[in-house]
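Just so we're clear, the structure is a prediction, and the values are computed from it rather than from any experiment. In what follows, residues are counted from 1 in the order of the sequence shown.
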Amino acid sequence: MLEILAGLSAEKMPRKPEPWVSPKGPMVLHGDLFGDGRHLAVEGSGLAVGDKKGWKVLSEWKDVFPAWVPEGKTPEEAGYQHIYPPSVPFVLKDVTGDKVPEILISFENDGWSLGYHILKKKGEGAELLEMRSERGEPRLEAGLMVVCTSDWGRKCWGSVDTFYRWTKGVPVELGSFGEYCADPDHPTLFVMRRLPDGSEQALGIESEGDKLVVKTGKFKAWEIEDAKDFATVRDAADKEGPGLYKATALLFERVTGIPGELCFEASREGGAPEADLRKRHREAKAAMKLEIEGSPEAKALLGEKKPESAKPQGKKKR
């Protein structure tokens, strides 16, 4: 990494973080990256600190290849197809809720989407988290870190968002929301939760006439493995049947304790303003009167419950 930083002043720190392209080719972001007054520089292979003595490498990692488009080039000219990387592959953004920005590094995800690695401050250096966002930037919602942990396909596609709460510096996985679409008219939605023993229970939800059909099992390769009938769901307030996405958002909230309106990003709703999007989902939730048919376990899990009983279970993860 020190070869890459040759030519960049270690002592002179810019007023705010700024990019610099090394004569060796890689782009570097340098400045007060963590808000602690140090002159730091990050590149795809590591993090260094600079002072009047020069640069000193603090942390290094492997297999991170930043995706970016040099000035004056198009994505195609830079070697990318179907995706549009930014001109700077680094984003400073607090996604864990500790008020210290993480460093997000964009990467090409098998040509399908633009994902982001997550670097978190650890001691004097930084740690590259095992989890990464397979599509788009991770985000902080209602105190939870939301990461797209699976993303696949174009004509036939699937995506999973996983929700984490950071506790004592460790991410605790609370649950996941997924969607799979082989047929645009018949998508399948998934709700996953962590059980107290650390195992995962997955629910697959599809629309069938005037009801939703819920199956349970293990989530694998965009389906519920060893699926078993679990419940049917109707909406007493709508004779035509519950809307798949609206009702699943409410079921997700009941199962995981995570606000259901966090299931859907503004980009998936035609770019609606975030505040309007959240309001719309809250109004839909208030209007629904879901009726659950199934075993006592299904009714207890999917039925309406008091807020204090919907406490998220989780599994620590790095």
Quick note, salt bridge (charged side-chain N to carboxylate O under 4.0 Å, His left out) partners involving residues 212-225, not counting sequence neighbours, are Lys215-Asp229, Lys220-Glu225

Using distance only, find each side-chain donor-acceptor pair of residues 46-60 under 3.5 Å and give its atom names and separation, not counting sequence neighbours.
from: Asp51; atom 1: OD1; to: Lys53; atom 2: N; distance (Å): 2.8
from: Asp51; atom 1: OD1; to: Gly54; atom 2: N; distance (Å): 3.4
from: Trp55; atom 1: NE1; to: Leu8; atom 2: O; distance (Å): 2.9
from: Ser59; atom 1: OG; to: Ala126; atom 2: N; distance (Å): 3.0
from: Ser59; atom 1: OG; to: Ala126; atom 2: O; distance (Å): 3.2

About how many Å separate CD1 of Ile258 and CZ of Arg165, when rounded to the nearest 0.5 Å?
-> 8.0 Å

Would Val255 and Leu290 show up in the same hydrophobic cluster when neighbours are defined by side-chain heavy atoms closer than 4.5 Å?
-> yes

Step through the shown structure and confirm whether more than 12 heavy atoms of other residues, nucleotides or ligands are within 6.0 Å of CD on Glu77.
-> yes

Assess whether side-chain contact (heavy atoms from CB on, under 4.5 Å) is satisfied between Val69 and Ser87, documenting all intermediate values.
-> CA-CA 5 Å; Val69 178; Ser87 58; 5.7 Å; no

pair Leu302-Leu203: side-chain heavy atoms closer than 4.5 Å = yes

Please identify each residue that fulfils side-chain contact (heavy atoms from CB on, under 4.5 Å) with Ala182, with sequence neighbours left out.
-> Cys156, Tyr180

Would you call Arg254 and Glu304 a side-chain contact if the rule is heavy atoms closer than 4.5 Å?
-> yes

Is there any ring-ring contact (aromatic ring centres under 6.0 Å, His included) pair reaching into residues 12-34, and which pairs are they, with sequence neighbours excluded?
-> His30-His39

By the rule that ILVMFWY residues connect when side-chain heavy atoms come within less than 4.5 angstrom, directly or transitively, which residues belong alongside Phe107?
-> none

Minimum heavy-atom separation for Ser113 to Asp151, with atom names?
-> OG-OD2, 3.3 Å

Just do the side-chain contact (heavy atoms from CB on, under 4.5 Å) check on Glu240 and Asp235 with the steps written out, would you?
-> CA-CA 8 Å; Glu240 295 184 359; Asp235 186 357; over 6 Å; no

Any donor-acceptor pair under 3.5 Å from Glu102 side chain to Val95 backbone = yes

Check whether any side-chain heavy atom of Met145 sits under 4.5 Å from a side-chain heavy atom of Phe163, and report yes or no.
-> no

Can you name the residues that form a side-chain hydrogen bond (donor to acceptor under 3.5 Å, both in side chains) with Ser150, not counting sequence neighbours?
-> none

Specify the closest pair of heavy atoms between Lys211 and Pro242, including all atoms of both residues, with the distance to one decimal.
-> CA-CD, 4.2 Å

Are Trp61 and Glu127 close enough that some pair of their side-chain heavy atoms sits under 4.5 Å apart?
-> no

Test: Lys120 cationic atom under 6.0 Å from Trp166 six-membered ring centre, within 45° of axis = yes

Validation row: Val64, Leu119 side chains within 4.5 angstrom (heavy atoms) | no

Residues in side-chain hydrogen bond (donor to acceptor under 3.5 Å, both in side chains) contact with Glu43, at least two apart in sequence or another chain = Ser45

Sub-3.5 Å donor-acceptor pair from the side chain of Tyr80 to the main-chain atoms of Trp68, do we have one?
-> yes

Test item: Thr167 side-chain N/O and Val170 main-chain N/O as donor-acceptor pair under 3.5 Å | no

To the nearest 0.5 Å, how far apart are NZ in Lys62 and CG in Leu128?
-> 12.5 Å

Would a 4.5 Å heavy-atom cut-off, applied to side chains only, mark Leu250 and Thr248 as touching?
-> no

What one should report as the nearest heavy-atom pair of Val160 and Met192 is CG1-CE, 3.9 Å

For the residue pair Phe177 and Phe252, does the interplanar ring angle fall in the parallel (under 30°), tilted (30 to 60°) or perpendicular (over 60°) class?
-> perpendicular

OG on Ser133 to NE2 on His117, rounded to 0.5 Å = 10.5 Å

Using the side-chain contact (heavy atoms from CB on, under 4.5 Å) rule, take Asp161 and Val147 through it: C-alpha gap first, then chi angles, then the decisive distance, then the call.
-> CA-CA 5 Å; Asp161 281 349; Val147 181; over 6 Å; no

Side-chain heavy-atom pair Val28, Leu5 within 4.5 angstrom cut-off | yes

All side-chain contact (heavy atoms from CB on, under 4.5 Å) counterparts of Ala287, not counting sequence neighbours | none

Value rounded to 0.5 Å, distance of NE2 in His186 from CD in Glu208 | 10.5 Å

Please collect all salt bridge (charged side-chain N to carboxylate O under 4.0 Å, His left out) contacts where either partner lies in residues 20-38, sequence neighbours excluded, each pair once.
-> Asp36-Arg38, Asp36-Lys121, Arg38-Glu124

Mind running side-chain contact (heavy atoms from CB on, under 4.5 Å) on Ile205 and Val191 for me, showing each step along the way?
-> CA-CA 8 Å; Ile205 305 172; Val191 172; 4.2 Å; yes

From Leu129 atom CG to Lys122 atom NZ, the distance as rounded to the nearest 0.5 Å | 9.5 Å

Do any N or O atoms from the side chain of Ser106 and from the backbone of Ala67 form a donor-acceptor pair under 3.5 angstrom?
-> yes

Thr162 and Ser176 have their tightest heavy-atom pair at OG1-OG, 2.9 Å

Please list, chain by chain and in numerical order, all residues satisfying ring-ring contact (aromatic ring centres under 6.0 Å, His included) with Tyr116, sequence neighbours excluded.
-> none

List in chain and number order the residues that pass side-chain contact (heavy atoms from CB on, under 4.5 Å) with Ile224, two or more places apart in sequence or in another chain; answer none if no residue qualifies.
-> Phe190, Ala202, Ala227

Find out if a path of hydrophobic residues (ILVMFWY) with successive side-chain heavy-atom gaps under 4.5 Å connects Ile105 to Leu114.
-> no

Under a 4.5 Å side-chain heavy-atom rule over Ile, Leu, Val, Met, Phe, Trp and Tyr, are Met1 and Met13 clustered together?
-> no

Flag, side chain of Asn109 to backbone of Gly115, donor-acceptor distance under 3.5 Å = no

Is there a path of hydrophobic side-chain contacts, each under 4.5 Å between heavy atoms of I, L, V, M, F, W or Y residues, that connects Leu140 with Phe90?
-> no

Polar contact flag, side-chain donor to acceptor under 3.5 angstrom, Glu134-Thr149 = no

Going hydrophobic residue to hydrophobic residue with side-chain gaps under 4.5 angstrom, can you get from Val88 over to Leu92?
-> yes

Is there a side-chain contact between Ile83 and Glu108, using heavy atoms and a 4.5 Å cut-off?
-> yes

What one should report as the nearest heavy-atom pair of Ser159 and Cys148 is OG-SG, 3.6 Å

Of all heavy-atom pairs linking Ile118 and Pro138, the shortest is CD1-CG, 3.7 Å

Pairs touching residues 289-299 that satisfy salt bridge (charged side-chain N to carboxylate O under 4.0 Å, His left out), sequence neighbours left out = Arg234-Glu293

Decide, yes or no, whether a salt bridge links Glu137 with Lys93 under the criterion of side-chain N to carboxylate O below 4.0 Å.
-> yes

